[in-house]
Every structure is written in structure tokens, then in C-alpha cells.
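Some notes on the structure that comes next.
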Amino acid sequence: MTQEVLNYVIEKSKELINASTCSREAKEAAQTWLDAVRTDRETEVTKTYIAELEADIMPIEGLIAFAESETGARVFGGEEAAAGVAAHGREIQAAGGKYCDCPACAVVEQILARKEEMLK
């Protein structure tokens with residue numbers, strides 16, 4: 001991985017850790033990766049980190065379906081709020097977006113856009 005890519009992913013990983021919508025698993029994976037940078041574990045941990053990010057990012061179809069569910073209504077604070085999330089998801093989808101645009105998913109998408117460079 002080049003120094004430029006490394007610096008970028010370090011910055012984005014710190015953003016991810018601080019994102020209000022970041023899952024515990026993604027935070028732990030980001031911190032584990034940051035701790036492994038420039039060690040003999042970096043390559044192995046990078047692969048694990050990428051796999052975790054790919055598992056955590058929410059496809060827009062999944063966001064819409066979740067928002068329209070009973071569980072989504074509870075999580076988002078009621079049916080009206082959940083309907084707003086679903087509508088927002090449809091707007092993202094109509095604009096060609098593939099993923100949720102919450103703070104965590106937005107950063108994960110940015111990191112994953114550099115995935116191939118991270119593995120070099």
C-alpha cells in the first residue's frame with residue numbers, strides 16, 4: 001500500500017471510529033487495523049478489516065426494507081420517522097446510490113473505494 005493510500009485509510013478509519021452510526025464491530029475492526037499498521041500483521045489485518053467493512057455497509061435496498069419493518073419503526077423512533085428514512089433511501093436509490101448515506105456507511109464506502117490499493 002502506498003503512503004498516500006495508507007494516510008487516507010488511517011484518516012478515514014479514525015472518522016469511522018468517531019461516526020455516531022458506526023457498529024461496535026466496525027469500530028473494533030478499525031482500531032485493530034490502526035494498531036496493525038506498519039507491523040508484520042498489517043496485510044492479514046487489512047484483509048480482515050475489508051471483510052468486516054463489506055459485511056457492515058448497508059445496501060440501500062436493505063435500508064429501505066429495514067425502515068419499512070416493525071423493527072425499523074422501533075429503531076428509528078416511530079413509524080413516521082421510519083417512513084422518512086425509507087423515503088430518503090428511495091431518493092438515494094433514484095440518484096444511483098448503492099448504500100446508506102449515514103456517517104458510518106459513507107466513510108466505509110470511501111474506504112472500500114480504495115480496497116484494491118489497500119491490498120497492494
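Just so it is clear, the structure is predicted and the values come from calculations on it, not from any experiment.
Closest heavy-atom contact between R38 and M1: NH2-O, 4.1 Å. The minimum heavy-atom distance between L16 and A30, with the atom names listed, is CD2-CB, 4.3 Å. For A73 against A82, the heavy-atom pair with the smallest separation is CA-CB, 3.7 Å. Considering all non-hydrogen atoms of both residues, C22 and K27 come closest at SG-CG, 3.4 Å. C100 and C105 get closest at one heavy-atom pair: O-CB, 3.2 Å.
At least one side-chain heavy atom of Q31 sits under 4.5 Å from a side-chain heavy atom of I17. Between L6 and Q3 there is a side-chain heavy-atom pair separated by less than 4.5 Å. By the 4.5 Å heavy-atom criterion applied to side chains, L63 and Y99 are not counted as neighbours. Counting heavy atoms from C-beta on, the side chains of I10 and W33 come closer than 4.5 Å. Two residues are said to be in side-chain contact when any heavy atoms from C-beta on lie closer than 4.5 Å; D101 and H88 meet this criterion. Counting heavy atoms from C-beta on, the side chains of Y49 and I111 come closer than 4.5 Å. Using a 4.5 Å heavy-atom threshold, the side chains of E52 and D56 count as touching. In this structure the side chain of Y8 reaches within 4.5 angstrom of the side chain of Q110, judged on heavy atoms.
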Original post:
V9 and V37: side chain to side chain contact (heavy atoms under 4.5 Å, CB included), yes or no, with the steps?
Top reply: CA-CA 10 Å; V9 178; V37 168; over 6 Å; no
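To the nearest 0.5 Å, atoms OG (S23) and CD1 (I57) are separated by 11.5 Å. Between the OG1 atom in T2 and the CG atom in N7 there is a gap of 8.5 Å [rounded to 0.5 Å]. To the nearest 0.5 Å, atoms SG (C102) and CD (E109) are separated by 10.5 Å. The structure places CG of L112 at 5.0 Å from CG of L53, a figure rounded to the nearest 0.5 Å.
Salt bridge absent: K47 and E42 never bring a charged side-chain N and a carboxylate O closer than 4.0 Å. The pair K98-E61 does not meet the salt-bridge criterion, since no charged nitrogen lies less than 4.0 angstrom from a carboxylate oxygen. Using a 4.0 Å cut-off between charged side-chain N and carboxylate O, E44 and R41 make no salt bridge. A salt bridge between K120 and E117 is absent, with no side-chain N of the basic residue lying under 4.0 Å from a carboxylate O of the acidic one.
Under a cut-off of 6.0 angstrom, the local environment of CD in E4 is crowded, with over 12 non-hydrogen atoms contributed by other residues, nucleotides or ligands. Within a 6.0 Å sphere centred on CD of E25, heavy atoms belonging to other residues, nucleotides or ligands number more than 12.
Remark: N18 engages no residue in a side chain to side chain donor-acceptor pair (under 3.5 Å) (not counting sequence neighbours).
Note: F76 and F66 have perpendicular aromatic rings, judged against thresholds of 30 and 60 degrees for the angle between ring planes.
A distance-only check finds no donor-acceptor pair linking the side chain of T39 to the backbone of D35 [under 3.5 Å].
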